[in-house]
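Quick notes on the structure that follows.
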Amino acid sequence: MVNATSDPSPLPPGPKPGGIAEAALARRAAPYLESLNEGQRTAVEALDGPVLVLAGAGTGKTRVLTTRLAHLLNTGRARPGEILAVTFTNKAAREMKLRIGDLVGDVVEGMAWLGTFHSIGAKIIRRHAELVGLKPDFTILDTDDQIRLLKQLIKAADVDEKRWPARQLAGLIDHWKNRGLSPGDLKADDGFAYAGGRGKEFYTAYQARLKVLNAADFGDLILECLRLFRENADVLARYQDRFRYMLVDEYQDTNVAQYLWMRLLAQGRQNIACVGDDDQSIYGWRGAEVDNILRFEKDFPGAQVIRLERNYRSTQHILAAASELITHNEGRLGKTLHTTSTDGERVQVRGLWDGEEEARMISDEIEAKHSKGHRLDQIAILVRASFQMREFEDRFITADIPYRVIGGPRFYERQEIRDAIAYLQVTANPDNDLKFERIINTPRRGIGPTTVALLASSARAGETSMFQAARDLVQTDEIRGKARTTLASLTADFVRWRGLIDTTSHTELAEMILEESGYTDMWQQDRSPAAAGRLENLKELIGQMEEFDSLAGFLEHISLVMDTEQDRDTDKVNLMTLHSSKGLEFDTVFLPGWEEGLFPHQRSLDENGRAGLEEERRLAYVGITRARHHAWISFAANRRVHGLWASAIPSRFVDELPASAVDVDTDGNSGSGVAASRFAAQADPFSSTYDTPGWRRAQANRGAFTPVPTRAGPRRAPLIEGELVASSTAAASQFSTGTRIFHLKFGYGTILAVDGNKLMVEFEKAGRKRVLDSFVEEHSTG
DNA sequence: CTGGAGGATCTTTTT
DNA sequence: GATCCTCCAG
């Protein structure tokens, strides 16, 4: 482990730039350079000075990045420990490390400063913890803890949490931290948005409380690091000197705080390379500033800007569709992607009746491809919102198509895992109030809100932690009866477990804690079907701990690395959100749900106007450019949102695609297809030959649901309007009770009740279900 | 302090 | 429709 405080970082005996030694080294390095195209090679070889690489989708960004780092090492410009390379996700960091390893071998192990913004921030703060008011073993709070803590503060300040939700305050504080603002930087009216101007006050109190708890939230990992650098010129100088070369990946995703952090470090040697694509900036909602790309040339005068525009991934039509779509955005740096691939299939556009039919069309398409030998794991379905996944999962289960969901609820986010970790964290650091509060009454011990509130107020009054307060209070008569004895034994248990940290193996200790605290027991007693799985997960957790050599090491890992690799290598269809698809590529990509209100998402438009729309469009761009050979875009005329049926119009993005790169339902094999607006034979996007009671009703109701004029207030009338099940009396079903019907998914059944166009049906195989009448046919015995 | 009932809410997500 | 949260009665 390198130590900043005792490292003068002398110039290494590296070869003189442009000298003979370097030329010789470069020759040795030649093989990996030769397979690069001109732009890529420039980006790899421009080692000195500030460099901005604008890398379009599929232009070999990762390749450039890893080769560049390998090149730095190979030419002897820097030793592994002198390179700072930051990514956003652990996955990206892991992959980068792997690929550099392929190029330079074990040397990569010395790259101690390759990691995420947050892990590197945490590492730096731990070394200088006392300078920012923390102890080196401070804990990192997750979002749950953050909310819990804010709730305490809100309650203590006697503010109505219902009117001013803790989530909102958390959002505000995050927003400030993303912008690099400490409480002291705020102007008086900055906190206006919360509790009538008390935002700043709460932010101050929150930060103070974090210090008492010896804790930092994710934002602090950057912000406190920034403060450390600003207030301690000597510390900053040391790091500026150490990091001879810097590299930032996914630069378009950096927020202001990260930008300032990085700029401060780079001001030493000016050897900084940022790689990004403004067209793929899709995280504005969590603080990313595309402007950082524009600022780069201003802040680093003379910066070299390199554009990578040759796309190696997609066919001509796919690229044309994506490129044309994105030109509808203003305020982009502008790149023109080109490819040498000329032929290939056009982008397929389909309009369908509803979400279920859309899922059926896609699964049919997948089955057809699969039977022709197309691998399932080379197929992805990219949705805008996770609720859309359900329809596909249902369909895949029915059709027996193996699939995997990427980016779903992760292992470490499960309740039982968080509880178990909370026990471990309180053991490691009893002053972690938030974790203590989480498990103080789990399993139920009879310590309720009253007792917890008493502990919290007592802790605040004594400027100490709740754990300490509990230890003190049980000595007095302030807590009585059962609460007193349970609390006394619980705290004593933690003290005892803590005493065992150094003498017992951490896995053994973890098992002991879960056993003795009654936590395992709680799930064993639980009769719910999920209980067995939870116990399995706890075992799995202990198993994962074995990969670490100490409790502290494990805990640091889980607070920063919240992901686990899952079954990568089985042949399954990939199902994920557009957001989590960034950086991936597939032979075939399906993009369902291109409907106004869903994509672009209404909320994005409402809350961020034009900027919101443009970010949605970039999301569409990201989606299309994931595809190598086949891209399918589809939309439905009806979709169930929040349990209600709504009619929808095709997304404006559909019309923004170039007609020459698109095919619309060419073979006419779909009798129920709804044509895309511009591509429809008739001018009316909703006209089609589809003819069912539900469809006719949808036609009839269409005009009746014009958007309600916007009222003052945050919530506006959604554009998705037209509830088919609305009180419209004209919409009574043609079906009647007792009729025998057939349903595509559930089979035969008998109608029990009719409610508008919704039927309650007793199915022979599937049991009792509520279905829309447009999905059933009267079963004629003839 | 606990459990059930009713109510509000429902984009995206990493660290 | 489903879930998470809050409130109220025991």
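Computed over heavy atoms, backbone and side chain alike; hydrogens, waters and symmetry mates excluded.
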For this session: Looking only at side-chain atoms of A:Thr89, point me to the closest of B:dG3, B:dT12, B:dT14.
Result: B:dT14
For this session: Return the nearest nucleotide to the side chain of A:Thr116; candidates are B:dT13, B:dT15, B:dT2.
Result: B:dT15
For this session: Establish, with yes or no, whether the OP1 or OP2 oxygen of B:dT12 is under 4.0 angstrom from a side-chain nitrogen or oxygen of A:Ser386.
Result: yes
For this session: Could you tell me whether A:Arg639 and A:Asp354 make a salt bridge, using a distance below 4.0 angstrom between a side-chain N and a carboxylate O?
Result: no
Problem set entry | Pi stacking test for A:Phe88 and B:dT15: under 5.5 Å apart, planes under 30° | no
For this session: Evaluate whether atom CZ of A:Arg227 has more than 12 neighbouring non-hydrogen atoms of other residues, nucleotides or ligands under 6.0 angstrom away.
Result: yes
For this session: Take A:Tyr283 and A:Ile447, find for each the nucleotide of DNA chain B with the closest heavy atom, and name the residue whose nucleotide sits nearer the 5' end.
Result: A:Ile447
Exercise. So, A:His118 and B:dT14: ring centres less than 5.5 Å apart, planes less than 30° off, yes or no?
Worked result: no
For this session: Using a cut-off of strictly less than 4.0 Å between a heavy atom of the residue and any atom of DNA chain B, enumerate the qualifying residues of residues 246-262 of chain A by number.
Result: none
Exercise. Would A:Arg618 count as a cation-pi partner of A:Tyr621, with NZ or CZ less than 6.0 Å from the six-membered ring centre and within 45° of the ring normal?
Worked result: no
Exercise. More 5' along DNA chain B: A:Met576 or A:Thr450, using each one's nearest nucleotide?
Worked result: A:Thr450
For this session: Pick base, sugar-phosphate or nothing for A:Leu221, based on heavy-atom distances below 4.0 Å to the nucleic acid.
Result: nothing
Which pairs would a plain distance check flag for residues 447-458 of chain A, meaning a side-chain donor or acceptor within less than 3.5 Å of a matching protein atom at least two apart in sequence or in another chain?
residue: A:Ser457; atom: OG; partner: A:Ala453; partner atom: O; Å: 3.3
residue: A:Ser457; atom: OG; partner: A:Leu454; partner atom: O; Å: 3.1

Exercise. Out of B:dT13, B:dT12, B:dT2, which nucleotide sits closest to the side chain of A:Asn441?
Worked result: B:dT2
For this session: Please report, rounded to the nearest Å, how far the C1' atom of B:dC10 is from the CD atom of A:Gln602.
Result: 15 Å
Exercise. Would one find a side-chain N or O of A:Thr577 under 4.0 angstrom from OP1 or OP2 of B:dT13?
Worked result: yes
For this session: Taking the six-membered ring of A:Phe653 (Phe, Tyr or Trp), confirm whether the NZ or CZ of A:Arg617 is under 6.0 Å from its centre and within 45° of its axis.
Result: no
For this session: Could you tell me whether A:Arg384 contacts a base, only the sugar-phosphate backbone, or nothing, with contacts defined as non-hydrogen atoms closer than 4.0 Å?
Result: base
Exercise. Over how many whole Å does the gap from A:Gln168 atom CD to B:dA8 atom C1' extend?
Worked result: 16 Å
Exercise. Can you tell which of B:dC10, B:dT13, C:dA2 lies closest to the side chain of A:His642?
Worked result: B:dC10
